[in-house]
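Starting from 1, each residue takes its place in the sequence as its number. All values derive from a computational prediction rather than experimental measurement. These values consider heavy atoms only, across backbone and side chains, with no hydrogens, waters or symmetry-generated copies.
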Amino acid sequence: MDEDRIETLAVHGGERRPGPEGSVVYPIYQGTVYSVPTGTEYHDLRYIRLNSTPSQAYLHDKLAALEGAEAGLATASGMAAISTALHSVLRSGDHLLVGDCLYGGTHDFLTHHAADFGWSYTFIDPHRPDTWDAARTPRTKAVLVESITNPLVRVGRLPEVAEFARANGLVSLIDNTFATPVNFRPLSVGFDLVLHSATKYLNGHSDIVAGAIVGGAEHVERTRTTANHFGGSLDPHAGFLLARGLKTLALRVRAQNENALRLAEFLAARPEIEQVNHPGLNSHPDHARASELFDGFGGMLSIRPAGGVAAAQELIDALRLPLDAPSLGGVETLITRPAVTSHAGMSPQDRLALGITDDLVRISVGVEAPEDLIDDFERALAAS
């Protein structure tokens, strides 16, 4: 189905036609144990922890279809996807190159636990290819970046990252959570493994926690073996909800792309707002690159209200529609200050060095009518 557009792939990619007993909707296989054909290898047994039940295989095929991948793997969380992928490509003594602006959970995982595994790492600027070779060592095995960074929504030199990795024999990994395969498919520019917090846009309804790893069959099989040993498999019911959410992914993300851009343009014109970060704005430093790489600019933006932390919190408190909550990617608009939620684990000095100030406000734009969102922000700005 490679010729189908993303809207069609989201609905039909990976589907069984017909489904069991003629079902249009693929059922939940809750069972943990299945009969074993003679000669079956251990990792090919059908067992939930081994990520090989009918429900899991179905979900894996849907995930792979969306990213144009050979194979996919669902995990128990986005952090399970990231940690499993890194454990599959790194051994004790190995070195990792990693983008310098990361989701707080990824940053904390590396800064708190990499040394426990015998890994070393160097932060690189994804916008500065001229600096990457100097950061590489004989022990460097992989490079990890984000397609759109959290929470400053920057877009690095992504094709160049993949090319650098290939030229130096490194495994390239990219967290595509913010962009989603609707806006960007990293495998098409040469990345080896694509990671998602499926909790966010892929599911889209703020009611499960899940992760995803997609890529070439050999790379994904290695991550599946690692996941089998660590035990981070996804519950069958959560997998069913994720597969259902995937079917509306393209519709949701298209609406969120439009809503976020309209809200960003409105806020950029307001004197109460000192800074607006959204790659769809001409003023964004990566606008030209995002326009070239992406089919849409995403549903995320961040702002700094004039007046500092007090003004930021007053704005959040005055809004009627956005909920003050730390997650993102759902149908409802969410708003948060990353310094006290997603990036609270970073030191104040590290946050400040990256531009994650205490007054930075991150907005995950939902699918509400954009006019209602803009009206709500206009009223809240006047009130605060």
>> Can you confirm whether more than 12 heavy atoms, excluding those of Glu292, are under 6.0 Å from its CD atom?
In response: no
> Is Arg16 atom CZ crowded by more than 12 heavy atoms from other residues, nucleotides or ligands, each under 6.0 Å away?
Replying inline: yes
Which value, rounded to the nearest 0.5 Å, describes the distance between [X] atom [atom1] and [Y] atom [atom2]?
X: Tyr42; Y: Tyr47; atom1: OH; atom2: OH; result: 8.0 Å
X: Thr122; Y: Arg136; atom1: OG1; atom2: CZ; result: 12.0 Å
X: Leu66; Y: Asp61; atom1: CG; atom2: CG; result: 11.5 Å
X: Ser55; Y: Leu242; atom1: OG; atom2: CG; result: 12.0 Å
X: Thr149; Y: His127; atom1: OG1; atom2: NE2; result: 7.0 Å
X: Arg351; Y: His343; atom1: CZ; atom2: NE2; result: 9.5 Å

Does the side chain of [X] pick up a donor-acceptor pair with the side chain of [Y] at under 3.5 Å?
X: Asn277; Y: Ser302; result: yes
X: Thr336; Y: Thr341; result: yes
X: Gln56; Y: Ser233; result: no
X: Thr223; Y: Thr226; result: no
X: Arg139; Y: Ser120; result: no

Determine the minimum heavy-atom distance between [X] and [Y], stating which atoms define it.
X: Arg379; Y: Arg320; result: NH2-N, 3.3 Å
X: Leu170; Y: Thr140; result: CD2-O, 3.2 Å
X: Pro126; Y: Gly99; result: CG-CA, 4.0 Å
X: Ala142; Y: Val89; result: CB-CG2, 4.0 Å
X: Glu67; Y: Arg185; result: C-NH2, 3.3 Å

Using a 3.5 Å distance criterion without hydrogens, assess whether the side chain of [X] forms a donor-acceptor pair with backbone atoms of [Y].
X: Ser172; Y: Asp192; result: yes
X: His60; Y: Ala74; result: yes
X: Asp286; Y: Arg289; result: no
X: Thr84; Y: Ala81; result: no
X: Asn176; Y: Phe184; result: yes
X: Asp359; Y: Gly307; result: no
X: Glu378; Y: Ile374; result: no
X: Asp44; Y: Thr40; result: no
X: His284; Y: Gly280; result: no
X: Glu368; Y: Leu321; result: no

>> Apply salt bridge (charged side-chain N to carboxylate O under 4.0 Å, His left out) to residues Glu272 and Arg270 and explain how you reach the verdict.
In response: CA-CA 5 Å; Glu272 302 95 335; Arg270 296 289 300 203; 2.8 Å; yes
>> I'd like to check Phe109 versus Leu86 (side-chain heavy atoms, cut-off strictly below 4.5 Å). Are they in contact?
In response: yes
>> side-chain contact (heavy atoms from CB on, under 4.5 Å) for Leu249 and Ile6? Distances and angles first, verdict last.
In response: CA-CA 9 Å; Leu249 175 67; Ile6 191 71; 5.8 Å; no
> Do His87 and Phe117 have ring centroids that are under 6.0 Å from one another?
Replying inline: yes
> Of the options Asp175, Leu173, Ile174, which is the one that meets Leu193 in a side chain to side chain contact (heavy atoms under 4.5 Å, CB included)?
Replying inline: Leu173
Same cluster or not: are [X] and [Y] linked, directly or through other Ile, Leu, Val, Met, Phe, Trp or Tyr residues, by side-chain heavy atoms under 4.5 angstrom apart?
X: Phe191; Y: Val214; answer: yes
X: Leu63; Y: Val25; answer: yes
X: Tyr58; Y: Leu73; answer: no
X: Ile208; Y: Ile28; answer: yes
X: Ile273; Y: Val365; answer: yes

>> Please evaluate residues Thr106 and Met79 with respect to the criterion side-chain contact (heavy atoms from CB on, under 4.5 Å), reporting the C-alpha separation (whole Å), side-chain torsions for both, the decisive distance (0.1 Å), and the verdict.
In response: CA-CA 7 Å; Thr106 308; Met79 283 308 304; 4.2 Å; yes
> Got a sec, which residues hit side chain to side chain contact (heavy atoms under 4.5 Å, CB included) with Val98, two or more places apart in sequence or on another chain?
Replying inline: Leu96, Leu102, Leu110, Tyr121, Phe123, Leu144
>> For Lys247, give me all partners under side chain to side chain donor-acceptor pair (under 3.5 Å), at least two apart in sequence or on another chain.
In response: none
>> Would Asn228 and His43 count as a side chain to side chain donor-acceptor pair (under 3.5 Å) here? Give the steps.
In response: CA-CA 8 Å; Asn228 293 350; His43 286 283; 2.9 Å; yes
Looking at [Y] and [X], is there a salt bridge between them, counting it only when a charged N and a carboxylate O are closer than 4.0 Å?
X: Glu221; Y: Arg224; value: yes
X: Asp94; Y: Arg91; value: no
X: Arg154; Y: Glu146; value: no
X: Arg222; Y: Glu218; value: yes

> Would Val182 and Asp295 count as a side-chain contact (heavy atoms from CB on, under 4.5 Å) if you check the C-alpha gap in whole Å, the side-chain angles of each, and the deciding distance to 0.1 Å?
Replying inline: CA-CA 7 Å; Val182 177; Asp295 292 324; over 6 Å; no
> Do Leu328 and Tyr201 pass the side-chain contact (heavy atoms from CB on, under 4.5 Å) test, and can you show the C-alpha distance, the side-chain angles, and the key distance before you say yes or no?
Replying inline: CA-CA 7 Å; Leu328 59 100; Tyr201 287 102; 3.8 Å; yes
> Parallel, tilted or perpendicular: which fits the ring planes of Tyr34 and Tyr29, with parallel below 30° and perpendicular above 60°?
Replying inline: tilted
